[in-house]
Structures are given as C-alpha cells and as structure tokens.
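What follows is a single structure, written as structure tokens, with notes after it.
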Amino acid sequence: MKYTIIQLRCYSTASPLTSHFNQRILHLKNGSGPTKVNDALQLFDEMLKRQPPPNIIQFTQLISLIVKEKQYSTALILLNQMKLMGIPANIYTMNIYINCHCRLNQVAYGFALLANIFKQGHPPNLATYSTLIHGLVLVDRVFEAVELFKKLLRDKLCDPDQVMYGTVINGLCKVGQTSKALELLTFMESGSCKSCVEQYSVVIDSLCKDKMVDHALELFAKMTEKGVLADVITYNSLIHGLCNFGRETEAAKMLRDMEEEGVSPGVDTFNILVNSFCKKGSVKDAELAVQAMVRRGLNPDVITYSALIDGYCLRGEIDEAEKVLDGMVEKELVPNIITYNSLINGYCKKKRIGKAMRLFQEIQDKGLIPDVVTYSSMLQGLYDSGNPAAARELFDKMQAKGLAPDICTYRILFHGMCNNSQYTDALALFQSLGGKELVKDIVLYTILIDGCTKCGKPNLALDLYDELLLKGLEPTVRTYNAMIRVYCQEGSLGKGTELLRKMEENGCLPDSFTYNVIVRELLKKNEHREAEIFLEEMINRGFMPDHATFENLLVRIPNVGKDSHLRTIIQKLTNGGRKDT
DNA sequence: ATAGGGTTAG
C-alpha cells in the first residue's frame, strides 16, 4: 500500500522529482561546453532508473539536446534504451529517430521507418515529412526531395509549412537551382503560408555563392520591405558574400547596420571578417576585427586564432604566427589540425622543412590525425627542399593510411616531380591515373606541359594539349604560355605568335609572361619587325620586358638601324627607366 | 516551451 502512494507521487507533475529533472534539463539547455553531452547522458541514466519512469516529454527534451549537439548515434542509442525499458514511442520520438538516421546517411532506413509508422496506425505528420525531405537533400537527392514534396501537395497529404518550404528551397539552392528556389519562395508567398527569415536567408546565401551578391542585396532589401526581419544568419551570409568578392568595406558597413538594427553579431560574424582580411594579407585589419569582437564581450575561438595564424603564415611572418599559437594555448583553446596545417604550410613555404617535419610528428604524438591538406603541405615542402624520394614515400604513406589525394595533392606531386627532374616518372604516373575524373584538371595539364618543355619533349606536350582540349578543358593563360614555349622549342615560332592571337580570341588575355616569351624568341631569330609589333603592344598594355628580354634587346642595339623603330622603343624604355630612378 | 529547416576556417 505504501508503495502505491510513492508511485502516485512520482506520476504527479508537481512532484519534487519531476521538477528536479526539469530544472536539470533547463540548466543543460542553457549551458554549453564539452560536458554538456556527458551531463545529459548522466541525467538520462538517472531518469531511466526511476520506477515508474518520468514523463516522456522530459526524455524527448533530453534527447533533443543531444541531437542539437550533433551526437546522432548517441541519440539513437538512448531511444533504443527507452524502448527496451518499455517506454512507448510516440510521433515525436519517431521523428527524432528518423532524423538521426537521415543525419547518419541512412535516409533509406528513414523511409523504412515511415512504413512502420503507417503500419502502427500513427499517421506521419509535417515534421516527419520535412525530416525525410531534408534527409534526401542531405545526400544530394534533391530531385527526389522535390518529387516527394510535390506528391504531398498533389495528394493533399499535408499542408506545407515554413519548415517544409525552407527545406525544399534549401535543396534547390544546394544543387545550384537558385532561380527555382526563388520561384518557390514567390509561390509560397502567394499561398497561405507566409515566408520568413529562414527561406530568405537560404536564397540570399545561395545568390552570394553564385557570385550574385548584388542580387542578394536586392532580395535582402525586398525582404526587409516586406517586414521580414533579418537575423544574424542572414547578415553572416551577406557579410561572407561581400568579403568573398573583396568588398570588405561594405561588409564592415553591413556589420554596423546589423547592430543598428539590433541584431548582435556572433563570434562567427567576426570570424568571417577576420578570415577575409587574413586571406587578402591584411592581418592588421584582422587584428582590429578581433579587438572589435572582444570589445563586444565575445571570445575569439579556435577559428579566430587559426585564421590569424594562417594570415601571418601567408605573409611569411612565422614568428608572429607562433606568438598567436602561444596566445591561444594560454587561453586554453586547443589548436586543431587546421591550425597546425597553416603552420606546417608556413614552415614549408619558408623552406624550413626540418621544423615542418618536427611539427608533423609532434601533432601526431598529440593524437591529431594529419589530413590531406597536411600531407599535401609536407609533400610540397619536401619537393621544394629537393627531397623527391622522401616526398614520394610520404605520398604512398598517406594513401596507405586511407587518405585519398585530392586535386591539390596531385598538382603538388606532379609539379614537384617535374621540378626534380622526374619528368618520365611524372608522365608515367599521370598515364596510370588514366581516366580518373580528378585528373581532368587544367592546372595539372599545364604543370605537365611545362614539365615536357623542361625535359625537351615538345611532342609529348602537344599530345597532352590535344588531350586536354578533347576533354573539354579550358586552357588558362599559363597553359597558353606553356604551349607557346613548346612551339618555340619545337622551332615553330609562327605557331607561337598564332596562339597568342588565338588565345585572345578565346577570351584569354596574354599576360606579361606571354609577351616576354614571344618577344625574346623573335629577337633571338632576328625578326626585329615582328618583335617591334609585340613589344609595342605589350608596353601599351602596361607590361614591361623582363630582365632576360631586356638583355636580348640591348645586345641587338648595334645591329638595328639608327632610324629603326625598335631603337626608339629601347631608348624610350631606358630613358623612362632613368627618369624613374 | 516534446519532433523537422538557413550561415560557419586551412
């Protein structure tokens, strides 16, 4: 009898136990940090041990917390434990279950669960369908996602809400169908479901990524006019878009605007600016952005410090980068692989390969796992320091560890091999890669064509050139430059000058390098008239003869007539040079 | 205040 009374007390929502759990869940929700998931797990265990078990809502809240921390497998384990303890599933727990499977790349299983829900007589709801649509989007099966959405509309299985529209709009954006996404946004506005900041943000972000920042700004204005308030994510997307296209000043203004509108920038917002300034080499501005962030009571995180380290490394100021690293460690922030990659890359670029190798070992001792970027940097360092054997060994090692080389790795590898006189090996390796989609890269072809000229094999270069055109790759200035050198080497300078004209027709402007090669070769062949034409053209376009071309010019002065145009050009160049100094 | 959506480094 006593036992029954205790049981009754536990069932009551006002019971001290229930409110105790509620308080702890609330505390966890507001809290943060690495202990969050562990604390949640602990609480879950305590709740599960209670007989009778607490309210299912509390369990759901707790598991949601874990889902928000992206611990999907853990969440699934907890749901299964609840099932084992005889706590019946409801549509909420089922939806979490489906979501977790979708997040773990098991969208098919998600659909199998949908069938189960039907069988059990619980009808799926909007959340169930949105989750599944999102699951398809996550694995790039956007066409199917859209089909499912259409079917739901057609068969009137549900009335889509903002989340569902947002999910489909996001899917369309993800596969580059921004205009379709915009259409759907307009369509939803024509209906009963009002659009909100989420749908707009998705499209704004997508427009920014499509390099249509001004269109994004227009949509942003349109959304504001409609009374939809932008939030921190909208602003982050816009600031990111502006920064990506060198419009940092406008980005900084956008930051001021958002604060005026009462939207507080987050650490992420400042990180976007910090990163952008670092990438374009102005670490000083980045440091100012960090100060601005600290003034607002925000704490720089690993991303902030990593960006600064990368910025200093790119400028070759390794000492400064090391100082930043020390600073972040003092703040008890843990550098990750991305942080160290910047440093390793910095050491390699400075030819401090010994230092790079020590750090490479050190981070592994710490338990960090080098990724493709780490290996690629190390490869470059080894090749640049004239150690192709060690480089090749490392390349094999990385693959043995299950890391697939990416296009950057291949570029570094082939460039390194060519620079270390391993042309034959390079070409053989390239052939062996054969049809790999990955090697359909114009930069890679250019590297190899360059390699061919260095080993004096113009014929192989010509083959490669035909091959890349056949694959539909678009030559860059560098490709053309390499090919012009090939023609020169082959003794068909005429083809070289022809290509210079053709590249421009193809919408690729010759650069200083192109002209220098041509002019130099023409001078060598004593084709002064032709040399004049190109020399004049290059000067008009703002390019100067380089050292080697200039020497060729000076050597020829005695051979050209007093009234020669070439002589006038040379005089102009030398006079101009004197005036400047 | 039980489920589902948008931004995020090298």
Side-chain angles (χ1 to χ4, degrees), chain A residues 22 25-26 29 55-65 67-68 75 79 89-100 102-103 110 124-135 137-138 145 158 160-171 173-174 181 185 195-206 208-209 230-241 243 265-276 278-279 301-311 313-314 335-346 370-374 376-377 408:
Chain A
N22 270 339
I25 292 168
L26 198 68
K29 273 189 189 170
N55 199 329
I56 183 144
I57 295 176
Q58 293 181 325
F59 279 113
T60 319
Q61 284 177 326
L62 206 49
I63 295 172
S64 291
L65 217 119
V67 170
K68 288 209 174 76
L79 287 167
N90 61 18
I91 190 67
Y92 292 90
T93 57
M94 282 307 287
N95 286 341
I96 299 177
Y97 208 77
I98 293 175
N99 185 31
C100 288
C102 286
R103 299 286 186 151
N125 59 16
L126 261 180
T128 321
Y129 288 122
S130 292
T131 307
L132 287 166
I133 291 174
H134 188 232
V137 168
L138 282 175
C158 65
D161 65 356
Q162 293 173 331
V163 176
M164 190 175 276
Y165 274 111
T167 309
V168 178
I169 289 172
N170 180 37
C173 288
K174 207 181 155 201
L185 182 64
S195 51
C196 63
V197 64
E198 278 88 346
Q199 291 88 42
Y200 277 105
S201 293
V202 172
V203 183
I204 286 172
D205 187 67
S206 189
C208 286
K209 289 192 172 123
D231 66 10
V232 62
I233 295 180
T234 324
Y235 283 107
N236 283 351
S237 287
L238 283 168
I239 291 173
H240 199 210
C243 283
V267 177
D268 294 346
T269 316
F270 283 98
N271 280 347
I272 292 167
L273 283 163
V274 171
N275 239 306
S276 176
C278 287
K279 255 193 259 171
D301 63 7
V302 182
I303 297 180
T304 322
Y305 284 104
S306 300
L308 289 174
I309 289 172
D310 195 58
C313 285
L314 287 178
N336 59 25
I337 191 67
I338 297 180
T339 323
Y340 287 116
N341 280 346
S342 293
L343 276 165
I344 287 174
N345 189 43
D371 63 11
V372 187
V373 180
T374 326
S376 299
S377 289
C408 281

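Note on naming: letters A, B, ... go to the chains in the order of the sequence lines (proteins, then strands), and numbering restarts at 1 for each one. Quick note: numbers below take in every heavy atom, side chains included, and nothing from hydrogens, waters or symmetry partners.
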Under 4.0 Å, counting only non-hydrogen atoms across every strand here, what does A:I96 touch: a base, just sugar-phosphate, or nothing? sugar-phosphate
Can you identify which nucleotide, out of B:dG5, B:dG4, B:dT7, has its nearest atom closest to the A:D268 side chain? B:dT7
Return the set of residues passing side-chain contact (heavy atoms from CB on, under 4.5 Å) with A:T269 (not counting sequence neighbours), or none when no residue passes. A:V232, A:N236, A:I239, A:L255, A:M258, A:P265
Base, sugar-phosphate, or nothing: which does A:T234 touch, judged by heavy atoms less than 4.0 Å apart? base
Test log, rule side chain to side chain contact (heavy atoms under 4.5 Å, CB included), inputs A:D205 and A:S201: CA-CA 6 Å; A:D205 187 67; A:S201 293; over 6 Å; no
Does A:D371 reach a base, just sugar-phosphate, or nothing at all? Heavy atoms under 4.0 Å. base
Of the listed nucleotides (B:dT2, B:dA9, B:dT7), which one gets closest to any side-chain atom of A:I233? B:dT7
Going by the rule side-chain contact (heavy atoms from CB on, under 4.5 Å), which residues pair with A:K174 if we only count those two or more places apart in sequence or in a different chain? A:V137, A:D140
Watson-Crick or G-U stems of DNA chain B, 3 or more pairs, under 3.5 Å, by first number: none
Considering every strand and a 4.0 Å limit on heavy-atom distances, what is the contact class for A:K174: base, sugar-phosphate, or nothing? nothing
Is there a side-chain contact between A:N99 and the phosphate of B:dG4, meaning an N or O under 4.0 Å from OP1 or OP2? yes
From CG of A:L238 across to P of B:dT8 the rounded distance in Å is 12 Å
Go through B:dG4, B:dT2, B:dA9 for me and flag the one nearest to the A:T60 side chain. B:dT2
Listed partners of A:Y129 passing ring pair (Phe, Tyr, Trp, His ring centres under 6.0 Å), at least two apart: none
With a non-hydrogen cut-off below 4.0 angstrom, is A:E198 in contact with a base, only sugar-phosphate, or nothing? base
Nucleotide of B:dT2, B:dG4, B:dA9 approaching A:N275 most closely (side-chain heavy atoms): B:dA9
I need the CD1-C1' distance between A:I133 and B:dG6, as an integer number of Å. 16 Å
Nearest-angstrom distance from the residue atom CG of A:L65 to P of B:dA1: 16 Å
Under the rule for salt bridge (charged side-chain N to carboxylate O under 4.0 Å, His left out), what residues qualify as partners of A:D310, not counting sequence neighbours? none
Of the options B:dG6, B:dT2, B:dG4, whose atoms approach the side-chain atoms of A:N90 most closely? B:dT2
Working to the nearest 0.5 angstrom, can you tell me the gap between A:N345 CG and A:I309 CD1? 13.0 Å
Output yes when at least one side-chain N/O atom of A:H134 is less than 4.0 Å from OP1 or OP2 of B:dG5, else no. yes
If I take atom CD1 in residue A:I169 and atom P in nucleotide B:dT7, what distance separates them, rounded to the nearest angstrom? 13 Å
Measure from CG on A:N55 to P on B:dA3 and round the result to the nearest Å. 13 Å
If you check every side-chain atom of A:A127, which of B:dG4, B:dG6, B:dA9 has the closest atom? B:dG4
Measure from the side-chain heavy atoms of A:S130 and tell me the nearest of B:dG4, B:dG6, B:dA3. B:dG4
Value in whole Å for how far the C1' atom of B:dT2 lies from CD of A:Q58: 11 Å
Would you mind classifying the nucleic acid contact of A:V373 as base, sugar-phosphate or nothing, using non-hydrogen atoms under 4.0 angstrom? base
At less than 3.5 Å, do the side-chain atoms of A:T167 and the base atoms of B:dG5 form a donor-acceptor pair? no
Is A:S64 close enough to B:dA3 that one of its side-chain N or O atoms is under 4.0 Å from OP1 or OP2 there? yes
Identify whether any heavy atom of A:V197 sits under 4.0 Å from a base atom; if not, whether one sits that close to sugar-phosphate; answer base, sugar-phosphate or nothing. base
Nearest to the A:Q162 side chain among B:dA9, B:dG5, B:dA3, which nucleotide is it? B:dG5
Grab the CG-P distance between A:N236 and B:dG6 for me, whole Å please. 14 Å
If you check every side-chain atom of A:M164, which of B:dA9, B:dG4, B:dT2 has the closest atom? B:dG4
Tell me whether the OP1 or OP2 atom of B:dG5 has a side-chain N or O from A:K68 closer than 4.0 Å. no
Indicate whether any N or O donor in one side chain lies under 3.5 Å from an N or O acceptor in the other, for A:T339 and A:N336. yes
Grab the CD-P distance between A:Q199 and B:dG4 for me, whole Å please. 17 Å
Is it the case that the base of B:dA3 and the side chain of A:N125 share a donor-acceptor contact (distance under 3.5 Å, atom types as modelled)? yes
Quick check: any donor-acceptor pair below 3.5 Å linking the side-chain of A:N336 to the base of B:dA9? yes
Could a donor-acceptor pair under 3.5 angstrom be found where the side chain of A:T131 meets the base of B:dG4? no
Looking at residues at least two apart in the chain, or sitting in another chain, which of them share a ring pair (Phe, Tyr, Trp, His ring centres under 6.0 Å) with A:Y235? A:F220
For A:I63, report the nucleic acid contact type (base, sugar-phosphate, nothing); a contact means any heavy atom under 4.0 Å. nothing
Just checking A:S237: base, sugar-phosphate only, or nothing, at a heavy-atom cut-off of under 4.0 Å? sugar-phosphate
Any side-chain donor-acceptor pair under 3.5 Å between A:T304 and A:D301? yes
Counting side-chain heavy atoms from CB outward, which of B:dA3, B:dG5, B:dG4 is closest to A:L126? B:dG4
Using the side chain to side chain contact (heavy atoms under 4.5 Å, CB included) rule, take A:M164 and A:L126 through it: C-alpha gap first, then chi angles, then the decisive distance, then the call. CA-CA 8 Å; A:M164 190 175 276; A:L126 261 180; 3.5 Å; yes
